[in-house]
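Written out below as structure tokens is the structure these notes cover.
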Number of protein chains: 2
Amino acid sequence: MKPKYIIIKEEIEKMIESGVYQPGDQFGSEYEMATQFEVSRETFRSAVKLLEQEGKLLVKHGVGTFVMNPLPEVPNNLEKLTSITAMMKQAGLKDAERHESISTETCPEEYAISLNLSPDEHVYIHERTRMVNGEPVVISINILPKKYFGDIFEERGLSEPLFHVLEAASGIKIVRSNTEINVPTSTDPYYQKLLVKPETTVLLLKQQHFDDSNRPMMFSVDYYRNDIFKFWVQRMR
Amino acid sequence: MKPKYIIIKEEIEKMIESGVYQPGDQFGSEYEMATQFEVSRETFRSAVKLLEQEGKLLVKHGVGTFVMNPLPEVPNNLEKLTSITAMMKQAGLKDAERHESISTETCPEEYAISLNLSPDEHVYIHERTRMVNGEPVVISINILPKKYFGDIFEERGLSEPLFHVLEAASGIKIVRSNTEINVPTSTDPYYQKLLVKPETTVLLLKQQHFDDSNRPMMFSVDYYRNDIFKFWVQRMR
DNA sequence: CAGTGGTCTAGACCACCGC
DNA sequence: CGGTGGTCTAGACCACTGC
């Protein structure tokens with residue numbers, strides 16, 4: 001059973017969507033609203049707090065609670081950590097074609113720091129180019145320490161999103177990443193591979209991935225063609 | 001006076017920083033902790049909830065509450081909406097030199113949609129190039145509807161961050177923005193102005209700015225030299 | 001099963017805002 | 001000042017986890 005404050009939150013959302021409450025409208029006082037929903041004031045407040053965080057309500061101390069104008073939908077919100085497969089699906093693309101390679105090496109220094117490894121430890125380097133209509137659209141390079149992931153790549157196909165493979169094979173759940181947004185230089189070989197038209201531009205995301213205890217478990221370097229992938233971020237003061 | 005749950009939150013933060021609690025450590029039960037802090041369980045939980053959202057604690061239902069590994073500090077977090085002035089300060093740069101221009105025009109179509117304007121309405125177009133050691137490092141173009149901002153630019157100097165000018169002169173507070181992350185094409189004239197060395201790369205942020213009622217109040221197009229400005233985002237599943 | 005966190009309540013008092 | 005939201009409590013019961 002869903003908790004009451006979630007139910008109320010969803011009811012309020014529906015009322016806003018259906019126009020019962022219009023942008024700018026003021027709610028009744030918390031006491032009134034709680035009575036109306038037949039819950040305690042604190043329970044009603046829990047629902048409001050969630051909606052406030054989502055930017056759907058504005059609560060002013062000593063004044064009242066107001067319905068906000070809806071924010072336009074943001075496609076491909078960069079704050080949501082999703083697989084490239086999912087991103088392509090959302091963009092209406094099928095990543096049927098791929099070129100992949102896996103190698104085992106000692107860890108390149110650049111990644112050793114981010115992964116908290118000594119430079120002599122072994123890592124998988126998994127490289128994948130996704131193609132659409134014969135054109136490359138995104139190249140991803142994943143660096144995975146062998147000590148965490150053992151020999152998962154010998155056991156499984158790679159058709160599924162990497163996140164799923166890791167979780168199923170090793171129990172490691174990647175839940176967050178610190179992502180640096182970059183533009184590759186014109187001499188970058190991966191950039192050149194994506195340069196199908198002279199006006200193609202490419203975004204480069206360098207990501208340090210963490211498990212649910214904030215341990216760095218994986219590093220990835222992803223090159224996205226900017227004419228195909230659009231990234232958004234919501235910024236707040 | 002600060003509320004108790006904030007005080008407790010800060011106390012817990014201090015205890016984690018000073019090593020009283022180590023990453024991985026488990027707290028006592030909520031009842032025990034609340035007793036220890038001499039507050040009710042709910043109050044203690046409010047403090048924990050904040051720390052959980054910041055990724056400093058991990059709460060597992062039916063198991064316990066644990067201290068997380070600290071996430072590395074992220075400079076220039078893109079999720080924080082800050083002025084370019086503040087960003088440059090953080091990067092150790094002084095934006096002493098500037099080139100600016102202001103014009104009034106009817107709203108270019110590209111922006112009219114984002115700003116909810118009809119194409120015949122008038123907007124300010126405020127362009128600013130910031131220089132460091134004689135080199136341009138960032139170009140920003142701000143589009144401001146005249147109907148919201150009147151003639152603020154006649155009244156004030158432009159030495160302060162634009163956010164401050166807007167707030168002081170018109171009472172309008174920009175509190176969030178939807179930001180599209182782009183790479184300019186090589187033919188973009190603003191890109192070419194920043195191309196001081198052949199290997200310079202440039203990030204282009206297109207931002208729709210909202211006030212505290214989610215009304216779009218301003219549009220901006222900012223070109224950042226990527227060799228000088230580094231942007232980060234924290235992504236979560 | 002015992003122990004943990006998750007939800008919910010009724011009521012109290014405080015802090016802020018606008019008139 | 002009256003009305004709003006903000007904090008806090010003590011106690012109850014539920015839901016999840018691991019042994």
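The chains referred to below are lettered A, B, ... by the order of the sequence lines, with proteins before strands, and numbering in each begins at 1.
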Which nucleotide in the set C/dA10, C/dC8, D/dC16 lies at the smallest distance from any side-chain heavy atom of A/E42? C/dA10

Aromatic ring centroids of A/Y224 and A/F231 under 6.0 Å? yes

A/K49 NZ - C/dT7 P separation (whole Å): 12 Å

Among C/dC8, D/dC16, C/dC17, which nucleotide has an atom closest to any side-chain atom of A/V63? C/dC17

Could you check whether A/R45 pairs with A/E52 (Lys NZ or Arg NE/NH1/NH2 to Asp/Glu carboxylate O, under 4.0 Å)? no

Does a side chain donor of either B/T43 or B/S40 reach within less than 3.5 Å of an acceptor in the other side chain? yes

What nucleotide, of C/dA15, D/dT9, C/dG6, holds the atom closest to the side chain of B/V59? C/dG6

Rounded to whole Å, the NZ-C1' distance (A/K2 to C/dC8) equals 18 Å

Just the rounded figure in Å: distance from P of D/dA10 to CD of B/E30. 16 Å

Which nucleotide sits closest to the side chain of B/R41: C/dT4, C/dT7, D/dG6? C/dT7

Would you indicate what A/Y5 reaches in the nucleic acid, counting non-hydrogen atoms under 4.0 angstrom: base, sugar-phosphate, or nothing? sugar-phosphate

Assuming nearest nucleotide by heavy-atom distance, tell me which of A/I6 and B/H61 is located more 5' along DNA chain C. B/H61

C/dG5, D/dA10, D/dG6: which one has an atom nearest the side-chain heavy atoms of B/S40? D/dA10

Could you state the atom-to-atom distance from CZ of B/R45 to C1' of D/dG11 in whole Å? 15 Å

Testing C/dG6, D/dG5, C/dC8 for proximity to the side chain of A/K4, the answer is C/dC8

Donor-acceptor contacts under 3.5 Å from residues 103-115 of chain A side chains, at least two apart:
| from | atom 1 | to | atom 2 | distance (Å) |
| --- | --- | --- | --- | --- |
| A/S103 | OG | A/E105 | OE2 | 3.3 |

Just N and O in the side chain of A/T43: are any of them under 4.0 Å from OP1 or OP2 of C/dT9? yes

When you measure from the centre of the six-membered ring of A/F219, is the NZ or CZ of A/K206 under 6.0 Å away and within 45° of the axis? no

How is A/T65 classified with respect to the nucleic acid when contacts are heavy atoms under 4.0 Å: base, sugar-phosphate, or nothing? sugar-phosphate

Could you tell me the separation between the CZ atom of A/F44 and the C1' atom of C/dT7, rounded to a whole number of Å? 17 Å

Most 5' of A/M1 and A/S29 on DNA chain D, judged by nearest nucleotide: A/S29

Between C1' on D/dT4 and CE on A/M33, what's the gap in Å once rounded to a whole number? 14 Å

Euclidean distance, atom OH of residue B/Y31 to atom C1' of C/dG6 [Å, nearest integer]: 18 Å

Measure from CD1 on B/I8 to C1' on D/dC8 and round the result to the nearest Å. 11 Å

